[in-house]
2 protein chains.
Amino acid sequence: MSTRRTMRDVAQEAGVSIMTVSRVINGQPGVLPETAARVEHAIRRLGYQRNDAARQLRRRGQPTQIIGMLVDDLANPFFAALARAVEDAARQRHYVVLIGSSNDSLDREREVVAAFFARQVDGLILVPVAGSHRFLASQMAQGTKVVCVDRPVDGLDVDRVLVDNRRAAGDAVRHLLEQGHRRIAFLGDRDDVWTISERYVGFCAVLGEQGLEPDPQLVRRGLRSRAEAAAAVAELMALPQPPTALFTSNDLTTMGAIDSGHGSVALVGFDDFALADKLTPPVSVVTQDPAAMGGAAAELLFSRISGDTSPPRELILSTRMVARGSGEVPATAVTAADSPAAAAGQ
Amino acid sequence: MSTRRTMRDVAQEAGVSIMTVSRVINGQPGVLPETAARVEHAIRRLGYQRNDAARQLRRRGQPTQIIGMLVDDLANPFFAALARAVEDAARQRHYVVLIGSSNDSLDREREVVAAFFARQVDGLILVPVAGSHRFLASQMAQGTKVVCVDRPVDGLDVDRVLVDNRRAAGDAVRHLLEQGHRRIAFLGDRDDVWTISERYVGFCAVLGEQGLEPDPQLVRRGLRSRAEAAAAVAELMALPQPPTALFTSNDLTTMGAIDSGHGSVALVGFDDFALADKLTPPVSVVTQDPAAMGGAAAELLFSRISGDTSPPRELILSTRMVARGSGEVPATAVTAADSPAAAAGQ
DNA sequence: TTGAAAGCGCTAACAC
DNA sequence: GTGTTAGCGCTTTCAA
């Protein structure tokens, strides 16, 4: 492992001063074409590559052209699409992107964020976990820009790109109500995830509009995996009065519900996923657009990095209820077998 | 935007020398607890964060604790899972990860790789696109470690983590042959992707074992999207002698085949995907394990970074043929209408 | 058009 | 236990 080449090496090789090399590398004027050619040649011969860290050190105040992006789980297609959009936006601006997954752990998030800041990132796109993010404040005071996406951050006034989770969840529930469903179950991922609790609020609100209350038996929260969601659905369907419809709070719980194989119960899930339209029945969902969210967050971040100091903005992107079949399974058939008494009551 | 805090600021605030601050920050011995406490306090008050770039500059020869990872498309679940595994391995070693997508463009790859090298990455995990990668050689000569994953790299002797694409594709085709299929179509993504052409070779080889040759009419290569794959399948099925089985060369083409809605034709795809087992019929696949591939690549890279100078290694991870139903659709029904005799009739 | 000197924030090596 | 000096690779400033 030989040591890395420096401008000194190039200068020596080309028989010029280090300063001339610098000028050539940075395309600055005032170098004879002939001299420049000699330098270029030396650069090629030695495989020299500018050390941006050293460069950055001297050009104090200039951006490092690095941003950090911290998502919940990069392996989740939703966050992967979001990350890809951020990366595209960054590349267009000649930025590189540090990536990390918090895995919904505040400690891990803090650790990764610290590592990003130590590399002097100009900005951070953050899918924050629950908990206090006061530790971000001092970095922001020193000039690092932060934009939250998918979730807002606790106790910190920063730009955010969100969707209206309550309304979107409400749309899903309303859709089920319109099909005649009254016994609608809620399948929730971890409760401490902001999006999930918002969706629960939306779920309850729309039931409330109809004078209904969520049946505690039909509300299953804190499901941490696809398998747990599947088990929960199996239990629900084994109840004396099973639900006629399910609202699943995210992609994982939706897949769990599908795993459980209860095809006759109506289902609307939050988040779209590949091939949802090819299942039997095709799965109805409320969808958000992760690429658009990532793109918007990047846009916001780069405008801040470029000096935009206007008050923090909140961007609410739209969602869409996509009816495909699973949400249009009628309530009647099941309701009849379900409990004549209960049905009569409604 | 105030300027960032430095050790100087902390030293002044704590009334000590900058060297004492450095010792405290780096947990070096030989500082009175009392002094250390004063420094710690100042650090907290100022929100000081060590500048790792400057640190790295002085500790020449020491690793920067940054690696780069360049995949084809981060939004593709296969690469997302791979990236996540790399990230986990990196975090355990207190490394951060720069991410990029090449989008199958050599220019874009070169651009991103250059940006990574300029940041002095200790290593690079690369899913190389087609074309010469000579430009990597000079960086490697200067000590940057490179590991290729999913695909080998042209004209460069580096560590690689692959699967035996020929054999895996052969397994799929053999499986179809065992079900009696003889008219098996090949649906291929871009031809210049190494994995795809390898799979085609495997496809032909196993047909050859049976004394068969691929029917040019049934070989569709260069399909660049799910939609193109769907259209190709539709065309195939409209042939006078349609195939009785399809072998799709990756997840995108598999999904395209599913989109085309020809449920009666047998199908085995390369790469598993979410809910493949829940489709009608459930989709049979040959699967590789992207997380394992990413993990193995990271392992290899970090052992190189730690000084392992043994000759380049090639790691071949295993694949698995997963029969779920779509690959077990019998050939008979269709074959009848299909046989040479019947062909004459048509 | 080119170069010499200073210094970015930090740490290695050596004082005290 | 603490401080001083020098210098990492680069760019800024100023001189030639």
Side-chain angles (χ1 to χ4, degrees), chain A residues 2-40 42-43 46-66 117-121 142-144, chain B residues 2-40 42-43 46-66 117-121 142-144:
Chain A
S2 79
T3 170
R4 282 195 163 83
R5 304 306 190 169
T6 72
M7 277 194 184
R8 233 236 250 324
D9 300 323
V10 176
Q12 188 166 8
E13 177 83 8
V16 295
S17 86
I18 190 179
M19 204 43 236
T20 303
V21 177
S22 173
R23 285 197 252 267
V24 172
I25 299 259
N26 295 294
Q28 283 168 11
V31 181
L32 280 178
E34 203 179 303
T35 317
R38 254 197 358 268
V39 171
E40 302 269 24
I43 288 173
L46 298 175
Y48 169 79
Q49 180 103 31
R50 182 175 67 194
N51 182 335
D52 275 22
R55 177 174 206 246
Q56 166 55 28
L57 193 57
R58 194 60 182 80
R59 310 177 31 176
R60 207 177 30 142
Q62 294 299 103
T64 57
Q65 313 215 105
I66 310 177
F117 283 150
R119 264 77 184 193
Q120 313 296 112
V121 293
Q142 290 175 59
T144 309
Chain B
S2 79
T3 170
R4 283 194 163 83
R5 302 307 189 169
T6 72
M7 277 196 186
R8 231 235 248 328
D9 300 322
V10 177
Q12 187 167 8
E13 178 83 8
V16 296
S17 88
I18 189 178
M19 203 46 232
T20 302
V21 176
S22 172
R23 285 198 252 266
V24 172
I25 300 262
N26 294 295
Q28 284 168 9
V31 181
L32 278 179
E34 202 178 301
T35 316
R38 252 194 5 264
V39 172
E40 300 270 25
I43 288 173
L46 298 176
Y48 169 79
Q49 180 103 31
R50 182 175 68 193
N51 182 335
D52 274 23
R55 177 175 206 244
Q56 166 54 27
L57 194 57
R58 193 59 184 81
R59 312 176 48 199
R60 207 177 30 143
Q62 294 300 105
T64 57
Q65 312 216 107
I66 309 177
F117 282 150
R119 264 78 185 193
Q120 313 296 114
V121 292
Q142 291 174 59
T144 309

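At a non-hydrogen distance threshold of 4.0 Å, A:G30, A:V31, A:L32, A:T35 from residues 30-37 of chain A come into contact with DNA chain C.
In this structure, the side-chain contact (heavy atoms from CB on, under 4.5 Å) partners of A:Q120, at least two apart in sequence or on a different chain, are A:T64, B:R4, B:N51. Every residue two or more places apart in sequence or in another chain that forms a side-chain contact (heavy atoms from CB on, under 4.5 Å) with B:R59 is listed here: B:R55, B:Q62. Remark: B:Q49 pairs with A:Q139 by the side-chain hydrogen bond (donor to acceptor under 3.5 Å, both in side chains) rule, at least two apart or across chains. With sequence neighbours excluded, no residue forms a salt bridge (Lys or Arg N to Asp or Glu O under 4.0 Å) with A:R38. With sequence neighbours left out, A:D9 forms a side-chain contact (heavy atoms from CB on, under 4.5 Å) with A:R5, A:T6, A:L46. With sequence neighbours left out, the side-chain contact (heavy atoms from CB on, under 4.5 Å) criterion links A:S22 to A:M7, A:M19, A:N26.
The 5' end of DNA chain D is approached more closely, in terms of each residue's nearest nucleotide, by B:T20 than by the other of B:T20 and B:R60.
For residues 10-20 of chain A, every residue pair satisfying the salt bridge (Lys or Arg N to Asp or Glu O under 4.0 Å) rule, not counting sequence neighbours, is listed here: A:E13-A:R45. The list of salt bridge (Lys or Arg N to Asp or Glu O under 4.0 Å) pairs with a residue in residues 15-26 of chain B, not counting sequence neighbours, is empty.
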What is the per-nucleotide protein-contact pattern of nucleotides 10-16 of chain C, from the 5' end, where B denotes a base atom under 4.0 Å from a protein heavy atom, S denotes such proximity for sugar-phosphate atoms only, and - denotes neither?
BBBB---
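Helix-axis bend for the helix from C:dT1-D:dA16 to C:dC16-D:dG1: the local axis fitted to the five terminal pairs at one end deviates from that at the other end by 40°, rounded to 10°.
Where DNA chain D meets chain B (any atom under 4.0 Å from a heavy atom), the bounding nucleotides read 5' to 3' are D:dG1 to D:dG9.
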